[in-house]
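Notes for the one structure printed next.
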Amino acid sequence: MAQDTAVPKLNFEYWLDKATEWGQATTLESQKDVCRHLPQLQEFLQQIYETLKHMNSIEAIQQFPLIGQLLGRLCWNPFVIGYDESQKTLMWCLCCLYSSEPQNPVELKANSWIRSLLCHLLSSSKWESNEAGTNTFISALGYTSADYYSHLVKNMVLSLVTELKGNQFNGLNIQERVPASRVSEVSLFCLPLITLPDLTPLLETLLLCHGGASQELLSSEFLDAVNEAFLKKKISLSETAIFGLWLRHLPSLEKATLYLLDQLVSIQMTSLEEVACVVKDSLLPQAASHPAIFRVVDEIFKNALLETDGAPEVMTIIQVFTQLFVQAHQNNNKQHKFPLKAYFSRHHQPLVIALLRRPFSTHCSQHLKHISEMLKTLVEDESIRSFVDLFEIWFLIARFGEWLDIAAEQLLKASAEPDALLWLLAFYYSPQNENQQRTQTMVEARGVYDQLVMLFSCTVLSVKDLQAAVHKTDTKQSCTQHLTTHLLTSFLLFSSGGHMIAQEFISHITGTSDASKEVCSLLFRTAYRINRNGERNQRTVKLVNDLLQKLTLKV
Amino acid sequence: MEALLEQVAQLPGLLAVSRSALVRAWDAPTLGRALEWARYFQHLHGRFRARPRLRAALGRRLRQGQPGSPLGFRHLGRCAALLGLALLENRALPPAACRRLLQSLLRPGAAAEAPSLALLARRKAASRLLAPAPRPAGSPAALEPQVRAEAQMLLARLREEEEEAEPGGGRAGEARERLRWVAGLLEQLPQPRALRVVAAALQQQRGGDEEGLRGRAGGGHVAGPLLSWLLESQERFSAFCLLLPGSLLASLAAHYSQLRPPYLDLLTAWGSRLLYDPLQGRWHNSCLGEAELSWEELRERFDCLCRGPALLRGQTRAALELLKVQDGDFHICGLSVWTDLLMEVEKSLRKEEEELASVDNICYPVLSL
């Protein structure tokens with residue numbers, strides 16, 4: 001118990017000094033300082049309350065003799081009272097200190113002082129005055145201070161919105177420009193109040209306020225705080241406002257993207273529909289219609305991919321994001337829309353256009369061949385020298401990864417020449433070719449493919465048969481391993497013989513190697529794809545769901 | 001039903017006691033009972049909100065035997081807050097009871113009906129933070145947020161009254177009572193403030209009327225008492241017209257026909273008292289220190305009136321023409337204040353037309369923001 005109280009005690013002097021320094025926060029410096037410390041102060045007050053609630057008032061005063069001073073000063077600081085839940089915690093603390101049976105004048109005085117503080121906080125007297133008097137007009141009407149302040153805040157917000165909007169071009173009626181210092185001042189006062197729902201119209205106006213200045217008018221603390229509140233779903237803003245925020249404050253955009261990635265990587269995925277939901281709610285795909293935002297998000301995704309060594313979960317997230325981005329772009333009715341191809345590099349335009357087409361059931365192989373040929377031309381072009389260039393092309397294919405899954409499926413189903421589609425997959429799994437790695441992969445993959453295609457139409461198959469077929473080819477490279485897993489899983493899902501042994505075989509693959517994440521991701525993607533296309537193959541759907549259930553239990 | 005009405009009749013007494021020194025005798029259980037009553041009343045409010053006849057019956061019972069500030073059905077719904085805050089501010093409440101009060105109002109897990117006091121404290125702090133910079137008195141800006149807030153509450157109260165009024169009401173006695181009640185309310189404010197609040201209320205109500213509530217005959221019950229109060233005394237009305245800016249008065253006069261004749265009469269009276277100083281070439285007030293408008297202010301008022309909707313503009317100009325004729329129908333300045341006013345007004349209207357015409361000739365770029 002002694003240790004519990006030690007922590008607040010250490011900070012007690014610190015916060016008391018701070019509170020004294022701030023006073024009623026009338027100077028700009030003190031106001032900025034208060035705003036910087038609000039979250040920590042709230043935590044500290046929580047700690048104090050947790051300690052106080054187990055004591056009676058006498059013990060409390062003994063433990064914290066200066067607590068009266070601290071609470072008293074904080075109650076007169078409108079920034080502190082206006083912030084989040086600080087006012088609640090302060091009032092609870094005051095409650096704890098109130099004595100129900102005062103024994104001596106000191107306690108009586110303390111009680112009286114607590115009542116005054118509470119009246120100051122809750123009655124409709126002016127902030128500065130210490131009386132308990134209510135505005136007699138309000139009570140004559142039969143209303144309370146709660147009603148009064150509700151109306152008052154709404155009206156103040158309205159006034160401020162009107163004042164700030166005068167900053168924008170209003171037909172020919174150019175009202176006085178609102179000075180930058182005023183905008184900055186208002187944003188500072190709003191900082192503690194961001195999560196108060198009444199303030200939303202003012203926040204939106206501020207976020208769309210530019211004032212023609214080349215410098216940022218709004219403080220980065222303000223923009224950060226708004227972003228945090230939005231990400232944690234404590235406030236809801238219009239799309240225009242949130243896009244405005246991200247466009248003017250790069251750190252907020254970065255935070256939002258990283259937050260999304262964190263969220264998705266940490267949840268237990270049960271379906272890609274769930275992932276799509278979360279991504280859509282984040283508003284990032286919609287925001288990415290602004291090319292600047294698209295670029296930043298892209299960079300972050302690329303870095304994430306590189307840092308995690310191409311983890312399949314991250315790749316899947318990027319694919320879902322890309323799909324939603326394309327969808328949002330197509331649903332966007334705004335006049336000034338960039339064409340989709342404009343978001344991607346000029347050099348890759350024909351390939352981009354091919355990738356942007358929605359996969360359809362017929363002529364898929366033809367289209368895939370086309371994609372593969374274009375890709376090959378691009379890659380084997382002399383001008384691709386650096387790793388970066390190659391990575392860009394690879395990333396383009398990877399983010400439209402649905403095509404790769406379709407390629408694997410088509411390879412096994414359609415019996416036309418497989419080279420083009422195999423090359424596509426080989427490139428994905430083994431993009432570099434300085435030491436002929438890709439060529440080698442291609443050869444090995446062809447070997448595996450040839451075996452699988454022979455077994456594709458077998459209705460009765462055993463695990464041993466399949467294993468034997470796979471091991472016939474000598475695969476030296478690890479890239480080929482991944483490709484093989486991809487082909488095998490597709491085989492199991494789409495061949496009649498494969499269905500029977502799917503469960504067993506997959507347990508085998510995921511038991512012996514670290515392929516479980518890959519297989520999982522592929523199964524999720526396949527389920528998502530099938531649902532979106534409304535395919536009629538119920539058996540496949542059921543199989544995929546059963547396999548996923550088993551696998552996610554294991555993982 | 002009778003039992004229910006008996007219970008409800010306790011509310012005024014309960015509220016009165018909670019504000020008085022009688023609470024000195026309360027202990028924690030008594031306070032608990034009082035809060036229970038408050039919760040019960042709120043429960044009644046929830047149950048009967050959608051049943052007009054029962055509502056009206058309860059409302060009537062509440063109003064009986066309570067001169068001064070009559071309570072209405074709505075107060076049942078606000079009971080917990082009313083009682084809680086009243087008790088909190090009552091210094092006579094003994095410590096044990098007070099502690100019980102604090103626990104039930106403020107502590108986590110407080111009853112769901114209890115008012116959100118944290119939100120109240122937060123909003124009060126917000127109003128301190130967002131307060132507009134004090135403006136110089138008499139600036140033509142829109143009415144301040146505080147005034148607008150008070151006006152909105154006044155309007156809400158008047159609307160509640162209207163809803164709970166006897167159907168088929170409108171007897172002269174009732175109207176007089178209502179006026180007295182409104183007067184009593186407005187007495188709680190200092191005169192200049194009361195005038196501003198009434199102006200804001202009339203302005204807000206006008207906005208409401210335009211949104212299509214005009215169909216309701218009862219709309220008169222809200223603006224009616226306020227207008228009657230304004231026009232009740234000449235001093236009050238004259239103070240009103242002196243205090244508020246011309247643009248606001250013009251928009252009110254445009255909407256409320258009862259205001260037009262008295263307003264024009266007042267302006268006429270003020271105008272007639274101006275004297276011309278040939279040496280300085282301007283009109284000035286005859287007696288200093290009296291509550292009157294100066295020439296410039298008078299001109300501005302007429303200007304605003306003439307920029308109003310067609311009906312108002314027509315009436316104003318007709319009035320000015322008539323006055324000019326009655327005063328001798330002069331055409332040169334300095335002889336009749338009405339001639340000069342009319343000339344000034346027409347000049348400024350012409351200027352505005354020219355500006356608008358020249359604007360049409362500018363090609364302004366289409367802005368897409």
Side-chain angles (χ1 to χ4, degrees), chain A residues 78-82 85 87-88 91-92 94-95 98-102 108 111-112 115 118-119 121-124 127 132 134-160 162 168-169 172 186 189-190 192-193 196 198-199 335-336, chain B residues 19 28 68-72 74-75 78 81-82 85-86 88-91 95-96 98-100 102-103 106-108 115-132 142 144-146 148-150 152-154 156-157 184-186 188-189 197 359 362 364 367-369:
Chain A
F79 287 86
V80 174
I81 304 296
E85 303 199 332
Q87 73 289 128
K88 212 188 279 191
M91 293 199 289
W92 292 344
L94 288 174
C95 258
Y98 190 87
S99 139
S100 55
E101 279 164 31
L108 277 170
N111 275 5
S112 165
R115 301 276 299 266
L118 288 171
C119 286
L121 289 175
L122 299 172
S123 77
S124 52
W127 184 268
T134 328
N135 186 326
T136 49
F137 180 61
I138 298 171
S139 48
L141 286 173
Y143 287 115
T144 62
S145 48
D147 303 298
Y148 175 60
Y149 285 113
S150 163
H151 278 110
L152 184 55
V153 170
K154 289 196 175 74
N155 275 296
M156 283 180 167
V157 167
L158 194 59
S159 281
L160 284 169
T162 317
Q168 290 162 18
F169 210 77
L172 278 180
V186 173
F189 290 161
C190 287
L193 306 171
L196 187 59
D198 305 313
L199 273 245
Q335 278 183 341
H336 309 288
Chain B
R19 293 197 183 113
S69 66
L71 299 174
R74 290 296 167 104
H75 289 83
R78 230 177 271 117
L82 277 173
L85 288 170
L88 190 64
E89 293 172 13
N90 191 341
R91 292 301 181 144
C98 193
R99 176 146 174 114
R100 176 71 186 269
L102 292 180
Q103 279 177 329
L106 295 173
R107 279 290 195 83
S116 172
L117 292 182
L119 184 57
L120 162 57
R122 194 168 188 202
R123 281 187 170 139
K124 183 168 179 180
S127 68
R128 169 73 170 179
L129 289 173
L130 300 177
E144 306 170 333
Q146 289 89 335
R148 290 205 307 267
E150 285 168 359
Q152 279 164 1
M153 292 197 296
L154 178 61
R157 190 74 183 88
L185 285 176
L186 291 167
Q188 308 291 329
L189 294 167
V197 169
V359 155
I362 300 175
Y364 47 87
L367 292 158
S368 50
L369 289 165

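Order of the sequence lines fixes the chain letters, A, B, ..., with proteins taken first and strands second; residue numbering starts at 1 for each chain. What you see below is based on every heavy atom in this structure, not just the backbone, and it leaves out hydrogens, waters and symmetry mates. These numbers were taken from a predicted model, which means no experiment stands behind them.
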CG (B:Leu85) and OG (A:Ser123) are apart, to the nearest 0.5 Å, by 8.5 Å

Here the gap from B:Gln103 atom CD to A:Ser100 atom OG, rounded to the nearest 0.5 Å, amounts to 8.0 Å

So, the part of B:Ala28 with a heavy atom under 4.5 Å from chain A: the answer is neither

Honestly, the part of B:Leu154 sitting under 4.5 Å from a heavy atom of chain A is both

Grab the two heavy atoms, one from [X] and one from [Y], that are nearest each other, plus how far apart they are.
{"X": "A:Ile81", "Y": "B:Ala121", "value": "CG2-O, 3.7 Å"}
{"X": "B:Leu129", "Y": "A:Phe189", "value": "O-CD1, 3.2 Å"}
{"X": "A:Cys190", "Y": "B:Leu130", "value": "SG-CD2, 4.4 Å"}
{"X": "B:Met153", "Y": "A:Tyr143", "value": "O-CE1, 3.4 Å"}
{"X": "B:Pro95", "Y": "A:Ser99", "value": "CB-O, 3.8 Å"}
{"X": "A:Met156", "Y": "B:Ala131", "value": "CE-CA, 3.8 Å"}

Please evaluate residues A:Glu85 and B:Arg122 with respect to the criterion side chain to side chain contact (heavy atoms under 4.5 Å, CB included), reporting the C-alpha separation (whole Å), side-chain torsions for both, the decisive distance (0.1 Å), and the verdict. CA-CA 9 Å; A:Glu85 303 199 332; B:Arg122 194 168 188 202; over 6 Å; no

Of the listed residues ([options]), which shares the most heavy-atom pairs with chain B below a 4.5 Å separation?
{"options": "A:Pro102, A:Ser112, A:Gly142", "result": "A:Gly142"}
{"options": "A:Leu121, A:Leu196, A:Leu158, A:Val153", "result": "A:Leu196"}
{"options": "A:Glu101, A:Lys154, A:Lys88, A:Met91", "result": "A:Met91"}
{"options": "A:Leu94, A:Leu108, A:Asp198, A:Leu160", "result": "A:Asp198"}
{"options": "A:Leu118, A:Leu199, A:Val157", "result": "A:Leu118"}

Chain A shares the most heavy-atom pairs under 4.5 Å, among B:Gly184, B:Ala96, B:Ala86, with B:Ala96

Note: vs chain A, highest number of non-hydrogen pairs under 4.5 angstrom among B:Gln188, B:Glu150, B:Gln146, B:Lys124 is B:Lys124

Donor-acceptor side-chain pairing of A:Ser139 and B:Arg19 below 3.5 angstrom: no

| message | Looking at A:Tyr98, is its backbone amide N or carbonyl O close enough to the side chain of B:Arg99 to form a donor-acceptor pair, meaning the two atoms are under 3.5 Å apart? | response | yes

Salt bridge (charged side-chain N to carboxylate O under 4.0 Å, His left out) with A:Asp147: of B:Arg123, B:Arg78, B:Arg157, only one passes, and it is B:Arg78

